[in-house]
There are 2 protein chains.
Amino acid sequence: MGVTIKDIAKRLGVSATAVSKALNDRDDVSNELKVKVRKIAEEMDYSPNSLAKRLVTNKSNTIGVFMFSRQKNSGHDPFGFQFLSGIMEEANRNGYDIVLFSTDSDLLAEKSYIKLCKERKVEGAIFTGLRLDDPHLEEIKESPFPISIIDTEVKGNNVSFISTDNRKGVRLALNYLWKLGHRRIAIINGHKKAMVSHLRYNAYKEFLEEKGQFREELVFTGDFTERSGYLCGGKILELKDRPSAVFVASDLMALGVIKKFKEEGLKLPEEMSIVGFDNIFPGEFNEPALTTIGQNAFEMGVEAVNWVLKRINGEKGNKKILLEPELIIRDSCDTNQFQWLERVTAKS
Amino acid sequence: MGVTIKDIAKRLGVSATAVSKALNDRDDVSNELKVKVRKIAEEMDYSPNSLAKRLVTNKSNTIGVFMFSRQKNSGHDPFGFQFLSGIMEEANRNGYDIVLFSTDSDLLAEKSYIKLCKERKVEGAIFTGLRLDDPHLEEIKESPFPISIIDTEVKGNNVSFISTDNRKGVRLALNYLWKLGHRRIAIINGHKKAMVSHLRYNAYKEFLEEKGQFREELVFTGDFTERSGYLCGGKILELKDRPSAVFVASDLMALGVIKKFKEEGLKLPEEMSIVGFDNIFPGEFNEPALTTIGQNAFEMGVEAVNWVLKRINGEKGNKKILLEPELIIRDSCDTNQFQWLERVTAKS
DNA sequence: TTGTACGCGTTATCAA
DNA sequence: TTGATAACGCGTACAA
């Protein structure tokens with residue numbers, strides 16, 4: 001097939017070893033030879049066989065990536081691509097290849113993720129969208145190679161948790177609403193199979209309990225889809241004593257809620273304030289533009305790679321990396337309530 | 001490191017060859033041995049070394065994927081992920097690995113795409129977002145392995161062009177506007193480095209020339225970003241004789257145009273009808289919801305893989321695969337103009 | 001500074 | 001049906 005170091009060696013009348021050394025710029029070959037070898041290599045359009053190299057050095061320079069996308073095929077998961085961009089960028093920058101596995105290929109049904117990785121000799125792996133009820137969780141815990149999991153915490157010797165500081169994010173959102181004067185604040189949470197749902201719910205409960213305003217009846221559960229947000233929006237409208245604001249645990253659901261509210265004739269944001277979570281692109285174009293908690297998905301990808309790389313190089317590194325969330329104020333919360341609150345406060 | 005067929009062989013007192021055969025379920029080994037080997041393999045948690053296998057069989061079972069994302073890092077490119085989903089799905093389904101290369105890693109600056117691929121012995125490659133001024137175009141033309149390029153046509157013996165039927169898409173859009181009564185229809189096109197821009201412009205020109213309504217002054221050029229759409233929107237507003245409709249060659253730009261129009265107080269869609277191209281998610285949530293030409297990005301990924309696979313298997317296959325576009329009617333075009341047209345027609 | 005011999009884990013060939 | 005041997009392309013120890 002292609003040209004190998006042997007061909008170059010033959011052409012120059014030297015040994016393959018010498019060529020190998022020259023190509024790798026090692027210092028136990030003459031400069032003279034290096035120059036010659038490089039020239040011929042160029043001439044013959046030589047390209048090293050990474051398979052052979054990896055086999056002999058026992059180093060694959062490869063990271064496996066598994067994406068369990070939340071919204072399969074729909075492309076409604078802009079986050080997936082952002083994670084991936086960060087992962088690619090950082091991996092390639094460090095000389096690592098990314099091999100990508102799809103969610104619902106037959107492969108995954110037959111073989112475990114770990115097995116897939118072992119066969120390819122990946123040095124580490126990154127998981128996205130892993131659910132709490134995944135059948136391979138135990139295996140992951142005992143992985144022989146380092147794994148970064150984005151947004152799901154799995155306790156294991158070789159696994160890290162990369163996420164946004166969800167508690168802080170929720171508090172950012174609720175605190176904003178609180179300062180705007182809201183006291184009855186509902187939550188539409190994601191499904192329980194996602195770890196972030198638990199984190200966000202706990203943070204929500206904690207915050208409102210601190211204020212003495214937690215109400216069980218204001219807790220709603222969707223599944224991160226727009227449709228489920230729409231449905232929960234309907235339920236909220238049926239409440240006898242409506243909340244004045246809703247914290248929605250994902251922008252996609254928030255978009256659904258808003259759709260429902262608008263359909264039912266609510267004036268937004270005057271009659272209902274809404275804060276989302278994620279900062280996905282469509283939120284900007286929604287009307288009203290969605291106020292939300294921003295996550296830096298690209299950076300999460302970068303951190304995921306970095307942790308794996310550190311592990312590979314024997315460094316320890318913190319097994320829990322939480323990035324800073326950011327409150328992005330747009331138009332889906334009624335800021336006039338604030339003045340109303342001040343008036344009330346002034347009176348009392 | 002891991003356990004190899006040799007270990008299994010030793011344990012069973014047979015040769016490595018026999019084990020290999022048994023594991024591969026070949027018919028020149030006894031069933032008896034197969035059963036034993038499988039049992040021990042399981043027991044020892046054996047996993048084959050794909051590197052070694054690929055080296056010796058000279059078959060990498062790998063497809064390289066290069067994504068030059070239009071909007072780097074921004075995640076504003078929901079298409080990228082949809083392509084990729086289709087690619088992953090179809091490749092994995094056929095037993096192929098995907099190795100992913102990032103746009104702006106240093107790697108790409110140093111080495112050519114082809115070189116990168118050769119080293120990894122990929123059997124084929126897929127390109128997305130490749131620009132007409134890419135420095136490696138010549139090399140791609142002469143690729144020794146099959147390459148599917150999405151949305152860019154590069155003539156070459158081993159390369160295919162996977163795209164939407166852009167001409168048809170444009171005609172779908174313009175015909176819709178035409179039937180609605182529009183005669184002065186502007187275009188905001190993408191930059192000239194993208195092949196689709198040429199295709200869309202040509203189709204636009206062709207259609208309007210057929211109708212005797214092509215006007216040079218109604219042609220505007222953006223760069224696919226929202227910002228550029230916004231800017232072009234401003235220019236359209238400065239026109240003495242404004243068009244009644246705008247065909248925008250990407251939804252992202254369309255969103256920008258609409259933003260500008262709304263800022264300037266235009267009533268939409270009454271005072272300006274807009275049709276986009278792509279059918280990205282945010283368009284649904286825009287107000288007015290964006291009427292657009294839908295492309296099936298997932299399917300494009302699937303087709304790209306299939307073509308490469310066909311080539312690998314020696315089949316010929318059409319080197320130009322055009323998927324059907326779809327007119328998605330939402331709220332950004334004024335449908336009342338139609339009635340107006342009928343009135344006019346009735347009068348004359 | 002260069003070359004020889006070997007090994008990485010697997011499959012292919014061919015003889016037993 | 002099984003096994004010894006060679007080969008894939010490369011890197012490394014060690015000898016020259």
Side-chain angles (χ1 to χ4, degrees), chain A residues 1-38 40-41 44-62 95 97 115-123 144, chain B residues 1-38 40-41 44-62 95 97 115 117-123:
Chain A
M1 269 253 120
V3 16
T4 72
I5 50 171
K6 276 185 194 168
D7 300 319
I8 299 180
K10 218 169 281 173
R11 174 98 171 258
L12 264 93
V14 297
S15 74
T17 306
V19 175
S20 171
K21 285 176 180 171
L23 253 13
N24 289 333
D25 201 24
R26 304 223 332 211
D27 47 12
D28 57 346
V29 266
S30 65
N31 257 319
E32 204 183 353
L33 185 60
K34 282 184 189 173
V35 174
K36 273 201 289 189
V37 167
R38 283 189 199 125
I40 299 292
M44 300 178 77
D45 194 28
Y46 165 78
S47 80
N49 184 329
S50 64
L51 255 34
K53 177 173 183 162
R54 288 168 184 186
L55 177 61
V56 67
T57 56
N58 196 25
K59 189 150 184 6
S60 70
N61 268 262
T62 299
D97 281 0
K115 198 126 203 161
L116 243 25
C117 286
K118 272 187 178 171
E119 291 185 6
R120 284 150 188 83
K121 302 292 169 197
V122 306
E123 298 180 33
Chain B
M1 267 252 124
V3 15
T4 72
I5 50 172
K6 278 185 193 169
D7 300 320
I8 300 180
K10 218 169 281 172
R11 176 98 170 258
L12 267 109
V14 296
S15 75
T17 308
V19 175
S20 171
K21 286 176 180 170
L23 253 14
N24 289 333
D25 199 26
R26 301 207 349 198
D27 48 11
D28 56 347
V29 267
S30 65
N31 258 318
E32 202 183 355
L33 185 58
K34 281 183 191 173
V35 174
K36 273 200 291 189
V37 167
R38 283 190 200 124
I40 298 293
M44 299 179 79
D45 193 29
Y46 165 79
S47 81
N49 185 331
S50 63
L51 258 33
K53 175 173 185 163
R54 288 167 185 187
L55 177 62
V56 68
T57 56
N58 197 26
K59 188 146 183 12
S60 69
N61 267 260
T62 298
D97 281 1
K115 197 127 202 160
C117 286
K118 273 187 177 171
E119 292 185 5
R120 285 153 186 81
K121 301 292 169 198
V122 306
E123 297 179 33

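So you know, we letter chains A, B, ... as the sequences are listed, proteins then strands, and number each from 1.
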- Within this structure, what is the CE-to-P distance between A/Met44 and D/dG9, rounded to whole angstrom? 13 Å

- Message: Is there, by distance only and without an angle test, a donor paired with an acceptor across the side chain of B/Lys121 and the base of D/dG9 below 3.5 Å?
- Response: no

- B/Ser30 side chain, from C-beta outward: closest of D/dT2, C/dT10, C/dT2: D/dT2

- Message: Regarding A/Lys115 and B/Asp45, does a basic nitrogen lie under 4.0 Å from an acidic carboxylate oxygen?
- Response: yes

- Give a yes/no answer on whether the side chain of B/Lys6 brings an N or O atom under 4.0 Å of OP1 or OP2 in C/dC8. yes

- Query: Within this structure, what is the CG-to-P distance between A/Asp28 and C/dG3, rounded to whole angstrom?
  - Reply: 12 Å

- Could you check how far CG of A/Asn61 sits from P of D/dG11, rounded to whole Å? 13 Å

- Message: Strictly distance-based, threshold 3.5 Å: is any side-chain N or O of B/Thr62 a donor or acceptor partner for the main-chain N or O of B/Asp97?
- Response: no

- Could you state the CD-P distance from B/Glu32 to D/dT1, rounded to the nearest angstrom? 11 Å

- Message: Please determine whether a side-chain nitrogen or oxygen atom of B/Arg26 lies at a distance below 4.0 Å from atom OP1 or OP2 of D/dT1.
- Response: no

- Task: Could you state the atom-to-atom distance from CG of B/Leu55 to P of D/dA7 in whole Å?
- Result: 14 Å

- Side-chain donor/acceptor of B/Thr57 to base of C/dA12, under 3.5 Å: no

- Under 4.0 angstrom between B/Asn49 side-chain N/O and C/dC8 OP1 or OP2: no

- Message: Counting C-beta onward and ignoring hydrogens, is there a side-chain heavy-atom pair between A/Asn61 and A/Lys53 closer than 4.5 Å?
- Response: no

- Sugar-phosphate only, base, or nothing, as touched by B/Val29 at under 4.0 Å among non-hydrogen atoms: sugar-phosphate

- Note on the structure: Of B/Ala52 and A/Thr17, the one whose closest nucleotide on DNA chain D sits nearer the 5' end is B/Ala52

- Message: Quick check against the 3.5 Å criterion: does B/Asn24 have a side-chain atom that pairs as donor or acceptor with the backbone of B/Arg26?
- Response: no

- Query: Has the side chain of A/Ser15 got a donor or acceptor atom sitting under 3.5 Å from an opposite partner on the base of C/dT4?
  - Reply: no

- Tell me: CG of A/Leu51 to P of D/dG11, nearest whole Å? 13 Å

- Query: What do you reckon, is NZ of A/Lys59 surrounded by more than 12 foreign heavy atoms closer than 6.0 Å?
  - Reply: yes

- Message: Once hydrogens and angles are ignored, does a donor-acceptor distance under 3.5 Å link the base of C/dA12 to the side chain of B/Ser20?
- Response: no

- For A/Lys53 and D/dT12, what is the distance between atoms NZ and C1' respectively, to the nearest whole Å? 13 Å

- Nearest nucleotide by nearest heavy atom, which residue falls closer to the 5' end of DNA chain D, A/Ser50 or B/Asp27? B/Asp27

- Query: Rounded to the Å, how far apart are B/Asn24 CG and C/dG9 P?
  - Reply: 17 Å

